[in-house]
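Note that the coordinates shown come from a computational prediction; the quantities given were computed from them, not determined experimentally.
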Amino acid sequence: MLKLPALRAAFKLLGVLAIVAWSILPIALIVMSSFKADRDIFSTSGAFSFAPTLANYEMLWGRWGDFFFGLWNSFLVTVGATILAVGVSLLAGFAYSRFASRGLQASAFFLIFIRLIPPIVITLPLFPVVNRLGLNDTHFILIVLYATFFVSLGTIVMRTFIDQIPRELDEAAMMDGASQMQIVWRVILPMAAQGMLAVSVFVIVYAWNEFLFAFIFTTTKAKTAPLVISEMIGAVEGVEWGVLFAASTVQLVPVLAFVILMQKHLVAGLTAGAVKG
């Protein structure tokens, strides 16, 4: 008979294995299917025993050149949105952390509230404005939208990190003649770098995979990789599942590698302030 502690450990292990399988299995199936011939993709007998092939990637390169153009657009938009969102979140987090007023408290509540609104609610009335300004199908509009959508969460994360930086450091810098921007640049930024990395992970994952804004505000020049993948699904000649899985794998690899490399900063962002006080 297993003792109670051993039984608890066994259940915990089973729970962890179930969560890992739930998370990894769909990704593994996509990656494996990208190396399968079409006849083997939905074959139960060839689920794990199949002859790997690069034909799907060759067809992706030959027939869907727009996909790689979309990847480049995704890269540009993601980098721009990350720089803008992290920069604004740093300054806003500093303001919320170091200055107290009723107006700031009210706006902090508004930041949380606006984050709960579905993006489609903002998108529909915004479309005619963007169209009138001539910003449709540009990288700029996607950068601004993606950054704006994540500034609220980024500000809250950065405020939590900056709250943990002693105010005495600010006061010492002010006594040496430093301005507020110099304090942010020379004192806050180096000590809140981990928070900035955590915010950048959130923004990069969101911007790299975002579909709705790209679908509504782009057509050809600035369309991103997720939009091209959706075109593969709706192709007139039918869905080439192997090519679709190959495109999904190519789009997945960069952001997955980035998240794995930055996972400790992501955990820090999720747990910031949890043990404060």
Side-chain angles (χ1 to χ4, degrees), residues 23-84 135-147 200-263 266:
S23 303
I24 293 180
L25 187 59
I27 298 175
L29 290 175
I30 290 174
V31 175
M32 285 186 355
S33 297
S34 70
F35 293 100
K36 291 181 179 181
D38 287 345
R39 64 179 180 276
D40 296 327
I41 291 178
F42 298 106
S43 173
T44 55
S45 59
F48 297 99
S49 57
F50 60 93
T53 177
L54 295 175
N56 294 322
Y57 291 91
E58 293 173 356
M59 286 190 289
L60 176 64
W61 179 264
R63 299 182 186 179
W64 289 94
D66 279 357
F67 172 74
F68 297 96
F69 178 69
L71 277 179
W72 175 247
N73 286 333
S74 292
F75 173 77
L76 294 177
V77 170
T78 300
V79 170
T82 302
I83 294 173
L84 181 59
L135 295 176
N136 271 335
D137 203 18
T138 63
H139 299 98
F140 177 79
I141 187 60
L142 292 182
I143 289 172
V144 171
L145 288 173
Y146 293 171
S200 70
V201 172
F202 291 124
V203 179
I204 286 171
V205 172
Y206 168 76
W208 185 260
N209 296 301
E210 201 281 332
F211 173 78
L212 178 63
F213 289 143
F215 177 72
I216 294 177
F217 292 105
T218 67
T219 52
T220 56
K221 296 179 182 178
K223 67 179 178 181
T224 57
L227 192 58
V228 181
I229 290 177
S230 73
E231 293 175 357
M232 293 180 181
I233 297 175
V236 177
E237 61 271 16
V239 181
E240 296 178 301
W241 291 103
V243 178
L244 179 63
F245 288 135
S248 300
T249 301
V250 171
Q251 200 230 351
L252 170 68
V253 168
V255 70
L256 181 62
F258 177 79
V259 170
I260 291 174
L261 290 173
M262 305 295 290
Q263 59 181 328
L266 180 60

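For residues 217-227, the set of pairs meeting the salt bridge (charged side-chain N to carboxylate O under 4.0 Å, His left out) definition, not counting sequence neighbours, comprises Asp66-Lys223, Lys223-Glu231.
Residues Ser74 and Pro226 come closest through the heavy atom pair OG-CD, 3.9 Å. In terms of heavy atoms, Ala222 sits closest to Thr138 at CB-C, 3.7 Å. Heavy-atom minimum distance, Leu142 versus Thr224: CD1-CG2, 4.1 Å. Scanning both residues, Ser33 and Asn56, for their nearest heavy atoms gives O-ND2, 3.8 Å. Shown here for Ser200 and Thr82, the closest heavy-atom pair between the two residues is CB-CG2, 3.7 Å. Val259 and Val201 make their closest contact through CG2-CG1, 4.5 Å (heavy atoms, listed as atom of the first residue, atom of the second, distance).
Checked against a 6.0 Å centroid threshold, the rings of Phe245 and Phe35 do not count as neighbours. Taking the six-membered ring for Trp and the full ring otherwise, the centers of Trp72 and Phe69 sit at least 6.0 Å from each other.
Using a 4.5 Å heavy-atom cutoff, the side chains of Glu240 and Leu60 are not in contact. Looking at heavy atoms from C-beta onward, Leu252 lies out of side-chain contact with Ile30 at the 4.5 angstrom threshold. Within the 4.5 Å cutoff, the side chain of Ile141 has no heavy atoms near those of the Asn136 side chain. Considering only heavy atoms from C-beta on, Trp241 stays 4.5 Å or farther from Lys36 through its side chain. Two residues are said to be in side-chain contact when any heavy atoms from C-beta on lie closer than 4.5 Å; Met262 and Val205 fail this criterion.
Here Leu135 contributes atom CG and Phe140 contributes atom CZ; the two are 6.5 Å apart, rounded to the nearest 0.5 Å. For the atom pair Asp137 CG and Thr220 OG1, the distance stands at 4.5 Å (nearest 0.5 Å). Distance check: Gln251 CD to Leu256 CG gives 11.5 Å after rounding to the nearest 0.5 Å. Separating the CD1 atom in Ile216 from the CZ atom in Phe213 is a distance of 7.5 Å, to the nearest 0.5 Å. The CG atom of Leu212 sits 11.0 Å away from the CG atom of Leu227 when rounded to the nearest 0.5 Å.
Across Phe75, Tyr146, Phe258, a single residue satisfies side-chain contact (heavy atoms from CB on, under 4.5 Å) together with Trp208, and that is Phe75.
Residue-environment remark: CZ (Phe211) exceeds the threshold of 12 foreign heavy atoms within 6.0 Å. For Phe215, the CZ atom sits in a loose shell: 12 or fewer heavy atoms of surrounding residues, nucleotides or ligands are nearer than 6.0 Å.
Between the side chain of Glu58 and the backbone N or O of Gly62 there is no donor-acceptor pair closer than 3.5 Å.
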